2 protein chains.
Amino acid sequence: MVDSLAKNSPLSTSREDYLADIYRIQAVGQSANTGEVASHLGVTPASTSAMFKRLAQEGLVNYKSYSGVSLTEEGERAASHIIRRHRVIERFLTDILGIDWERVDEFANRMEHAMPDEVLEGIERLLGDPDTCPHGYPIPSEDGAIALASGQPVESLVAGEFGVIRRVDESDAQLLRHLRERGLVPGTALRVVDANAIDGTRTLQVGEATLVIGQRIARALFVERLAGSDRQGA
Amino acid sequence: MVDSLAKNSPLSTSREDYLADIYRIQAVGQSANTGEVASHLGVTPASTSAMFKRLAQEGLVNYKSYSGVSLTEEGERAASHIIRRHRVIERFLTDILGIDWERVDEFANRMEHAMPDEVLEGIERLLGDPDTCPHGYPIPSEDGAIALASGQPVESLVAGEFGVIRRVDESDAQLLRHLRERGLVPGTALRVVDANAIDGTRTLQVGEATLVIGQRIARALFVERLAGSDRQGA
DNA sequence: TAGATGAGTTAGACACAGCTAAATCCGGTC
DNA sequence: GACCGGATTTAGCTGTGTCTAACTCATCTA
């Protein structure tokens, strides 16, 4: 409220980082508390607490001591703008420059704060207004509207079911590399050949190949389930 | 010297701005003194003086009180890297995104600090390793080598001479816009039809069009003089 | 219900990079 | 050789965002 008059002044890089992280946490239904945000951003809880207070004072988050924060309408607008920049940049880096998808998050984190709107618009035009980032997460539109993150974890499929990968967990570069090397990327169709109830491994048919994945990956791959289930092998 | 061990840590945004400005000043043979740098960067002389001291302490410039600075070898390496980023980004913005050339300097100033090397390389590949920025200034190679800024001012041509624009002064967006709107961009051929000794105006033949320019523009357009002079009109 | 525990906050400090105001230096003039 | 004016430097301060260390709160357990 204090400087609602100075609303047009750009947010600091730090503020943008905090808001984007709070947005992402909220998007998966978690509570944006001090420790969570601090560990994502690689700062101490003390710093996070201080920033929460600043953001609250500026009307960007609702903050009650010891209870975490939630984005205000204004905060959400700002955050979705940053997420949008981030995801469009990721697309640009993979689709136009051919950079591996496990590296683009880091690069986008550096570039997203310095990208003028006009440049972002140019890049979007170049890309043909993409709907998602390379990992399958939806890109908010300019007015902040955003599609639901699509898909359900492969973990929830039973043997015989078909699915198409729509999204993968993007929080770990190692994991992303692993998935890419195995062709487990959005758009890929797969069939769950077998789900081992004992150790949680699953056997997938992906094109010609058969692969066995553990629980970690089964939770990181989000698929759209396809109608035709096929139980003849069970 | 102090932290020559920490050489790999990235330079701060501010340091990059100062180094790049010193580089540009040196490139035109001027002396990089406090006032000059301060006015280019929009900071006070006091701030500049403080930064000169820091840069000197880090071995990036030679600094003697009251005598301005010059880049050390290490400082020049860092500066040319930034200039390179700046000019490649400008090319990208004009050639790929179609942004007007009078706006790209400002955008590149914001983006140049946040551009990872891998991304820059990707962009260069996309552009086909351009030699110059959109305004005609040479892009340093990765090892810091840089071509001479080409061309001589139209002011130095006499009536009847032919030239091809190779470079234009890029320091003023208004001027750049003006030049663009008249087609006075690198690659354009022109002939000096007349040079008025009294008021310094010149009449140019550019394609089908004839235009009259004043001294300001005659000094901002750098051309490569072409052999065949044509005095039949004089 | 009273601790214990761990998460969250406050207090106090630091680095960075800017500012203003005051002092100082340098080069040119008389 | 003294002096003047403008450029430069110094001194001291501010705001941002971080840190560590110490304290406080909320909650879970006994």
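These numbers were taken from a predicted model, which means no experiment stands behind them.
- Contacts of A:Ser65 with the nucleic acid, taken as non-hydrogen atoms under 4.0 Å apart, involve only primed sugar atoms and P, OP1 or OP2.
- For A:Ser47, the side-chain atoms get nearest to D:dC19 when compared with the rest of D:dT10, D:dC19, D:dG17.
- Neither side chain, B:Gln174 nor B:His178, offers a donor N or O lying under 3.5 Å from an acceptor on the other.
- Contact annotation: B:Arg15 side-chain N/O to C:dA17 OP1/OP2 distance is under 4.0 Å.
- With D:dT18, C:dT9, D:dT10 as the choices, the nucleotide that has an atom nearest any side-chain atom of B:Ser49 turns out to be D:dT10.
- When A:His86, A:His135, A:Glu170 are each tested for a side-chain contact (heavy atoms from CB on, under 4.5 Å) with A:Val104, only one passes: A:His135.
- Regarding B:Tyr18, its OH atom lies at a distance of 14 Å from the P atom of C:dC16, rounded to whole Å.
- Rounded to whole Å, atom P of C:dC16 lies 18 Å from atom NE2 of B:His113.
- Closest approach to the B:Tyr63 side chain among D:dT9, C:dA17, C:dT9 is made by D:dT9 (side chain taken as heavy atoms from C-beta onward).
- Ranking C:dA17, D:dT9, C:dA11 by closeness to the A:Ala46 side chain, first place goes to C:dA11.
- Considering only the side chain of B:Ser14, C:dA17 comes nearest among D:dT18, C:dA17, D:dT9.
- Using cut-offs of 30° and 60° on the angle between ring planes, the pair A:Tyr18 and A:Phe52 is perpendicular.
- Remark: C1' of D:dG17 and CG of A:Leu41 are 13 Å apart, rounded to the nearest angstrom.
- The side chain of A:Thr44 contributes no N or O atom lying less than 4.0 Å from OP1 or OP2 of D:dT20.
- Whole-Å rounding puts the A:Glu36 CD to C:dA7 P distance at 12 Å.
- The side chain of A:Arg54 contributes no N or O atom lying less than 4.0 Å from OP1 or OP2 of D:dT16.
- With C:dG18, D:dT9, D:dT18 as the candidates, the nucleotide lying closest to the side chain of B:Tyr66 is D:dT9.
- Remark: C1' of D:dG17 and CD of A:Glu16 are 15 Å apart, rounded to the nearest angstrom.
- Residue-level contact check: A:Thr48 touches neither bases nor backbone, having no heavy atom under 4.0 Å from any strand.
- Within 4.0 Å of B:Phe52, counting heavy atoms only, lies no atom of the nucleic acid at all.
- With rounding to whole Å, B:Lys53 atom NZ is found 15 Å from C:dA17 atom P.
- Distance A:Asp17 CG to D:dT16 C1': 14 Å, rounded to the nearest Å.
- Distance check: B:Ile22 CD1 to B:Leu71 CG gives 5.5 Å after rounding to the nearest 0.5 Å.
- Remark: side-chain polar atoms of A:Arg85 are not paired, donor with acceptor, to backbone N or O of A:His113 under 3.5 angstrom.
- Rounded to an integer number of Å, the gap from CG of A:Leu55 to P of D:dT16 is 12 Å.
- Residue A:Met51 has its side chain nearest to D:dG17 when only D:dG17, D:dT8, C:dT10 are considered.
- Residue B:Gly68 is the one, among B:Gly68 and A:Thr13, whose nearest nucleotide of DNA chain D lies closer to the 5' end (criterion: closest heavy atom).
- No side-chain donor-acceptor contact under 3.5 Å links A:Ser47 to the backbone of A:Pro45.
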